[in-house]
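Note sheet for the following structure.
Nothing here was measured: the structure is a model prediction, and the numbers come from that model. Order of listing sets the numbers, starting from 1, for every ligand and every atom in it.
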Amino acid sequence: MKNIDLSQVARDYERDGFAIIRDFLDHTEVEAIKNESLKLVEEKASKDEIKLPFHHQIHGSSQHFLDSANSIEFFYEKAAYDFEANKPTLPTLQSIAKIGHALHKLNPIFNKLTTSQKVCNVFRAIGQLQPTIVQSMVIFKNPQVGGEYTPHQDATFLSAEDPNALVGFWIAVEEATEENGCLSFLPGSHKSELARRWVRSKEKRDDGALLEWTDSPRQYDNSLFVATPVRPGDLIIIHGLVVHRSAMNKSQKRRLSYTFHAYDKARTSYRDDGWCQDNGTGTFLTVSV
Ligand code: FE2
């Protein structure tokens, strides 16, 4: 990371609900997480251990998904999966959607980056006193099949009691452009309330779902979103309440990224109805800043 004015980053974050730090990782660091991501998929694919496509309806009734909070699991793109034949329609590296959700705890390469001094400096700059990382993911966004993420607030999925104390780090491992589905934000929308939450069902449901929505999705004006194209190594920090989206990747270029989320344990607690729980495994990792 070059000389970054972190106080300016903090002001951007406070004003807009997101901030971009260019060249947060250098070329060597980017290559390390890219190579590790590809290696993990290839190893898993060779053992035929990838089980499920990535989709909220499927996740919502999947113990495998809940268990991924404390392990490293692999998920296919819905658009690259044949549900009748129960297998992907493309080679694994072209059909994979994501790896998650305890890379930050269980994988040495991702652990080193996620707990690094430069990450802690950003946490400190935005006022996080006891940042506690709850999940991490590699997102592949493969050409032609990498799915859309509809407008959402991350606090819908990650259950900090106070959603203002939730932050996401999103690091571009490959270039993200408007063509391959870079993130787009509704600036200032972090000042709004949390629209809905995705929570563990209190009672056994007839449809077998283990998770459910507390409300229907809110509608947003797509023309108000601001695209944030970024280069490999750039970091975007994302407030837990800011509304953001990304389009399907209709290009020929993959859009690999590494992302993780943390809440400030000094300011809030974590609700026990969120899908992602520590379950006594230590995957909720508090770092010293
Ligand atoms: Fe998000």
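Under the 4.0 Å criterion applied to side-chain N and carboxylate O atoms, Arg22 and Asp234 are assigned as salt-bridge partners. Between Glu36 and Lys39 there is a salt bridge, since at least one side-chain N of the basic residue sits less than 4.0 Å from a carboxylate O of the acidic one. Between Lys98 and Glu73 there is no salt bridge, since no side-chain N of the basic residue sits under 4.0 Å from a carboxylate O of the acidic one.
For His244 and Phe185, the gap between ring centers is short of 6.0 Å. The aromatic ring centroids of Phe140 and Phe74 lie 6.0 Å or more from each other.
Distances shorter than 2.8 Å separate the Fe ion (ligand 1) from the protein N/O/S atoms His152 NE2, Asp154 OD1, His244 NE2.
Checked by atom type, the side-chain pair His104/Ser136 shows a donor-acceptor distance below 3.5 Å.
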